[in-house]
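I have placed the structure first, in the form of structure tokens, so that the comments after it can refer back to it.
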Amino acid sequence: PDFRSPGGMYDTLKPELLTASETQRRMMKRDPTAVVSKEIFQVNPLPYLELRRPFILNINKGKWLPTLTHHFLGLLDEHQLLT
């Protein structure tokens, strides 16, 4: 599931388990997208990083594979066409 789908990141968010202030937890309970907001991240990146940890760890295990777009951007970078 993606971020918004049933069973996705926003649907399964449990702010009470994240390293956040009470104010930040209330914001995330009221609006789950707050966990990825610039407002919270600039002050406290831990909620976002804790939430994304399983994804980040599974990248190295090959569970998440790069898309065609990732490969295309890699080629552009390899040929120094991204500036």
Side-chain angles (χ1 to χ4, degrees):
D2 64 18
F3 293 96
R4 297 166 297 278
S5 297
M9 188 175 83
Y10 297 142
D11 188 41
T12 59
L13 180 68
K14 292 181 176 48
E16 65 276 6
L17 300 179
L18 300 174
T19 306
S21 69
E22 283 305 314
T23 302
Q24 292 167 344
R25 286 187 183 119
R26 280 194 299 276
M27 287 173 64
M28 289 183 269
K29 283 182 184 178
R30 192 172 45 247
D31 177 12
T33 65
V35 74
V36 296
S37 72
K38 184 178 178 182
E39 180 181 352
I40 290 179
F41 189 83
Q42 286 182 320
V43 177
N44 180 10
L46 289 176
Y48 173 77
L49 295 174
E50 290 170 352
L51 188 65
R52 300 304 296 151
R53 187 173 191 267
F55 174 75
I56 292 166
L57 292 177
N58 282 322
I59 287 174
N60 289 333
K61 295 179 184 175
K63 186 173 180 181
W64 310 109
L65 301 175
T67 65
L68 183 58
T69 301
H70 290 108
H71 290 292
F72 178 67
L73 289 172
L75 281 172
L76 291 176
D77 183 50
E78 184 179 313
H79 294 282
Q80 299 178 348
L81 296 172
L82 297 175
T83 56

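A quick note: this is a predicted structure, and the numbers were derived from the prediction, not measured. Atom set for the values below is all heavy atoms of this structure, side chains included, hydrogens, waters and symmetry mates excluded.
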Margin query: Name the residue from Leu82, Leu76, Leu81, Asp77 that meets the side-chain contact (heavy atoms from CB on, under 4.5 Å) definition with His79.
Written below: Leu81

Notebook entry, point to check: Just one of Thr12, Leu13, Asp11 clears the side-chain contact (heavy atoms from CB on, under 4.5 Å) bar with Pro32, so which one?
Noted result: Leu13

Note to self: Would you say that Val36 contacts Phe41 through its side chain, given a criterion of any heavy-atom pair below 4.5 Å between the two side chains?
What the structure shows: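 The answer is no, as the side chains (C-beta and beyond) never meet within the 4.5 Å cut-off.
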
Next item on the list: Answer yes when Glu50 and Arg53 have at least one side-chain N-carboxylate O distance shorter than 4.0 Å, and no when they do not.
Entry: no

Exam field: side chain [X] to backbone [Y], donor-acceptor pair closer than 3.5 Å:
X: Ser37; Y: Ile40; result: yes
X: Asn44; Y: Thr19; result: yes
X: Arg25; Y: Leu17; result: no
X: Gln42; Y: Glu39; result: no

Next item on the list: Go through Arg4 and Met9 one step at a time and tell me if the side chain to side chain contact (heavy atoms under 4.5 Å, CB included) criterion holds.
Entry: CA-CA 7 Å; Arg4 297 166 297 278; Met9 188 175 83; over 6 Å; no

Item checked: Single-linkage hydrophobic cluster, 4.5 Å side-chain cutoff, Leu49 and Met28 together -> yes

Next item on the list: Measure across Val35 and Leu51 and return the closest heavy-atom pair with its distance rounded to 0.1 Å.
Entry: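 It is CG1-CD2, 3.7 Å.
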
